[in-house]
Amino acid sequence: MNARQRFESLILPHLDAGYNLARWLMRDAAAAEDAVQEAAMRAFRYLDALYLDQARPWFLGIVRNTCFTMLQRERAGREWDADDPASVERV
């Protein structure tokens, strides 16, 4: 079984669960889609690290970590000025 077939049989069945988790964590549908796509690419890249019976928790862990990384980058990118009421409301 090549890497693509292994990915399709082990990871693809869990994409919906990954999206549900990402949607809950990100609270935004588009951001959740981006996170799952990024997580799927990471899962494919590191597929050799997967134990056969652990596909779902392994992939959901990647989704969770991807969401946390994206949220952290988003928060770090926010700039606010205490003297500007509009920027304080966004935070």
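Every heavy atom of this structure was used, including side-chain atoms; hydrogens, water molecules and symmetry mates were not.
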For this session: Answer with yes or no whether the hydrophobic clustering places Met41 together with Phe59; edges join I, L, V, M, F, W, Y residues whose side-chain heavy atoms lie under 4.5 Å apart.
Result: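 In one cluster with Met41: Phe59, no.
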For this session: Please answer: with hydrophobic residues joined when any side-chain heavy atoms are less than 4.5 Å apart, are Phe44 and Met1 in the same cluster?
Result: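 Phe44 does not cluster with Met1.
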Mind listing the closest non-hydrogen atom pair of [X] and [Y] along with its distance?
X	Y	value
Val36	Ala22	CG2-CB, 3.8 Å
Pro13	Glu8	CD-O, 3.5 Å
Leu71	Met26	CG-SD, 3.7 Å
Cys67	Leu25	CB-CD1, 4.0 Å
Gly18	Val63	O-CG1, 3.4 Å
Ala31	Met70	O-CE, 4.0 Å

Exercise. Name the one of Gln37, Glu38, Arg42 that satisfies side-chain hydrogen bond (donor to acceptor under 3.5 Å, both in side chains) with Thr66?
Worked result: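 Per the side-chain hydrogen bond (donor to acceptor under 3.5 Å, both in side chains) rule, the option paired with Thr66 is Arg42, out of Gln37, Glu38, Arg42.
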Exercise. Roughly how far apart are Leu60 CG and Gln54 CD, rounded to 0.5 Å?
Worked result: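 So the gap between those two atoms works out to 11.5 Å.
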Exercise. What pairs with Arg73 under side chain to side chain contact (heavy atoms under 4.5 Å, CB included), at least two apart in sequence or on another chain?
Worked result: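 Result, side chain to side chain contact (heavy atoms under 4.5 Å, CB included) vs Arg73: Thr69.
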For this session: Kindly write out the residues that satisfy side chain to side chain contact (heavy atoms under 4.5 Å, CB included) with Leu47, not counting sequence neighbours, or none if the list is empty.
Result: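 Leu47 satisfies side chain to side chain contact (heavy atoms under 4.5 Å, CB included) with Arg6, Phe7, Ile11, Leu50, Trp58 once adjacent residues are dropped.
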Exercise. Got a sec: does the CD of Gln72 have more than 12 other heavy atoms crowding it under 6.0 Å?
Worked result: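 Counting other residues, nucleotides and ligands, CD of Gln72 stays at 12 neighbours or fewer.
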Exercise. Should we count CG of Asn2 as having more than 12 external heavy atoms under 6.0 Å?
Worked result: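 Yes, enclosed.
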For this session: Please test Leu21 against Arg64 for side chain to side chain contact (heavy atoms under 4.5 Å, CB included), starting from the C-alpha separation and ending with a verdict.
Result: CA-CA 7 Å; Leu21 175 61; Arg64 181 199 62 224; 4.2 Å; yes
Problem set entry | Partners passing ring pair (Phe, Tyr, Trp, His ring centres under 6.0 Å) against Phe68 (at least two apart in sequence or in another chain) |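 Phe68 satisfies ring pair (Phe, Tyr, Trp, His ring centres under 6.0 Å) with no other residue.
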